[in-house]
Amino acid sequence: MAITSSIATTSFSSCVGGEDYGIFMKKVQPLMNVKIGKAVRSRTMMGNVNDGKGLFAPLVVVTRNIVGKKRFNQLRGKAIALHSQVITEFCKSIGADQKQRQGLIRLAKKNGEKLGFLA
């Protein structure tokens, strides 16, 4: 059962650009007018979950108000860096690897949040 090239060409051309083209466009046209809205993404909230809570939170807030926000953040950054260095030296002395050190630093951050140091 062989198909000649003239029949195959005629069938292909009539399918793509012939009498079926109008029917095809009528079916596709409504789909082209569909509006797609933006994906709704929840906003990430920066900040401390335990803001204002914890044993040392009032002391931290009073100190920030006295010293000023910019200077307070500088001092806090230095204290966090110093504490991370202490944790790193401790990990070196006991032979803990990088993963364990990162775990200890994350634990220190969580404890600081709970105690109110990051208020």
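Keep in mind that the numbers below use all heavy atoms, side chains included, and drop hydrogens, waters and symmetry copies.
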Requested in this report: Just grab all the ring pair (Phe, Tyr, Trp, His ring centres under 6.0 Å) pairs involving residues 53-82, residues at least two apart or on different chains.
Outcome: F56-F117
Show me the side-chain donor-acceptor pairs of residues 90-104 shorter than 3.5 Å, one per line, residues at least two apart or across chains.
unit_1, atom_1, unit_2, atom_2, d
S93, OG, F90, O, 2.7
D97, OD1, Q100, N, 3.1
Q100, OE1, D97, N, 3.2
R101, NH1, T88, OG1, 3.1

Report task. Would you indicate whether the side-chain heavy atoms of L82 and Q85 approach each other to under 4.5 Å? Result -> yes
Query raised in the report: How long is the gap from CG on L115 to CG on L59, to the nearest 0.5 Å?
Result: 12.0 Å
Query - Contact check, side chains of R76 and L118, non-hydrogen atoms, under 4.5 Å - result: yes
Report summary line: Taken to the nearest 0.5 Å, the spacing of H83 NE2 from I105 CD1 works out to 9.0 Å
Query raised in the report: Apart from L75 itself, which Ile, Leu, Val, Met, Phe, Trp or Tyr residues share its cluster (side-chain heavy atoms under 4.5 Å, direct or through members)?
Result: V67
